[in-house]
> 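Please find one structure pasted underneath; my questions will follow.
Letters A, B, ... are given to chains in the order of the sequence lines, protein chains preceding strands, and every chain is numbered from 1.
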2 protein chains.
Amino acid sequence: MAGNSTRGQIVEAADELFYSHGFGQTSFADIAAAVQISRGNFYYHFRTKDEILDAVIDKRLADRETLLAKWDETSDDVLRRIECFVKIVVVNQAKIMAFGCPVGTLTAELAKLDHPSRERANSIMALFRDWLTRQFEELGCKENAAENALHVLGWSQGVATLAQAFKDEAFVQREVAQILAWVDEAIPESAG
Amino acid sequence: MAGNSTRGQIVEAADELFYSHGFGQTSFADIAAAVQISRGNFYYHFRTKDEILDAVIDKRLADRETLLAKWDETSDDVLRRIECFVKIVVVNQAKIMAFGCPVGTLTAELAKLDHPSRERANSIMALFRDWLTRQFEELGCKENAAENALHVLGWSQGVATLAQAFKDEAFVQREVAQILAWVDEAIPESAG
DNA sequence: CCAGAATTAGGACGGTTGACCTAATTCTGA
DNA sequence: TCAGAATTAGGTCAACCGTCCTAATTCTGG
């Protein structure tokens, strides 16, 4: 499962190709060529394209879980943790401007394909939603923690979509600042 | 160019198929089958897949221009016009929950394909942006009309993305109400 | 050292794709 | 009416797709 194993390399290459070119437009040959292995070797590790997709989704889920867990560990300030999330769109600005959000675009593509793994892909989005919900709960939001989480998540998705369409760095900076300001205002009075 | 001509029927079917299944996953045969014509007839009207895409983009551009022009004509209340735009996501809720926003998802897909018509697809998004900018200017926003336009457009895109992922009607209703409330607050004091 | 498992290489398959062609049919205007 | 243009039908093509197979090679434990 490590990144230097053949299987790991395949999943890593597939992950990037699915992101940069889309799942449907990435062929077995594309991935095999990226890893520089034969198609037969490829077939030994993954018998169908759907199996690769599932492995990629697993990797993306694990990667995001690791990232969120790291934030949970390294910072006991809730606002700072939420800030880390919101700023993903700035940290990964170049890639997002080129290919959009990896989670949002995969979700959209699999929906159009009516793909069996559609729900599994959505669970990455749900991972963010649930993590954000926990942050807002910790922030003191009682009933509307889930609503706030969806708000921030949706807002971020919108920023990513327009970032890709218009490549407007100032827009991204502005919106991120606005989201953070909104989060500040979302702190209940009882907290603070 | 009319909808009942063969060419018009092809473009209409392609428009819907590109939306519901994606451009890359829609084949010549799919479109021909939807219109119930032979592949040869199809080839007479469109020699390449890219030609169909361009025609679909033209149709979408024209459709949106017509829609925006209708709003401009039928209502001289700027707030009401912006409301019409924001509520697209409610009016088309069912389709958006199934396939996302037609404009946003096409933009995202063509970016991944690095398709020549990518910029033309983006111009549909730009059409919305520019129209919204004009509305905010008319609302009295001097310098930040363009920023407000991008804000509302991006917000709507985010709502569409999450609507597709989570199929949460209440979320859509909530966000639309929030956007409208935000627009109200965006009115400069000199106006009102 | 060697047997057997794990891994890799690369050919082959049926099906589909976008693209192209020719022939038949229908429409249109002089 | 009829010649020519416009349109439709359907076959064909090479290339590529995902999938599957067998044979060669490398790794591993006893």
> Could you check, using the six-membered ring where one of them is a Trp, whether B:F42 and B:F28 have ring centers closer than 6.0 angstrom?
yes
> Rounded to whole angstrom units, what separation is found between the CD1 atom of B:I52 and the C1' atom of C:dG18?
10 Å
> Restricting to pairs with a member in residues 92-117 of chain B, which pass ring pair (Phe, Tyr, Trp, His ring centres under 6.0 Å), not counting sequence neighbours?
B:Y19-B:F99, B:F23-B:H115
> Any salt bridge linking A:D130 with A:R134? Criterion: basic side-chain nitrogen under 4.0 Å from a carboxylate oxygen.
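Result for this pair is no, no salt bridge flagged.
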> Using the ring of each side chain (for Trp, its six-membered ring), is A:W71 parallel, tilted or perpendicular to A:F85, with breaks at 30° and 60°?
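A:W71 and A:F85: perpendicular rings.
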> Using the six-membered ring of A:F128, assess whether NZ or CZ of A:R64 lies under 6.0 Å from its centre and within 45 degrees of the ring axis.
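No, A:R64 does not lie over the aromatic ring of A:F128.
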> Figure out the CD1/P separation between B:I31 and C:dT16, and round it to whole Å.
17 Å
> Are the side chains of A:V11 and A:H45 in contact, using a 4.5 Å heavy-atom criterion?
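Not touching, per the 4.5 Å side-chain cut-off.
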> Please enumerate all protein N or O atoms sitting under 3.5 Å from an N or O of nucleotides 22-28 of chain C, with distances to 0.1 Å.
none

> Any side-chain donor-acceptor pair under 3.5 Å between A:D30 and A:S27?
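Yes, a side-chain donor-acceptor pair sits under 3.5 Å.
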> Does a side-chain N-to-carboxylate-O contact under 4.0 Å join B:R81 and B:E138?
yes
> Mind calculating the distance between CZ (A:F46) and P (D:dC20) to the nearest angstrom?
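That distance rounds to 15 Å.
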> Round to a whole Å and report the spacing from CZ of A:F23 to C1' of D:dG18.
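Atom-to-atom, A:F23 to D:dG18, this comes out as 11 Å.
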> Protein within reach of the bases, or only the backbone? For nucleotides 7-17 of chain D, mark each nucleotide 5' to 3' as B, S or -, using heavy atoms under 4.0 Å.
BBBBBB----S
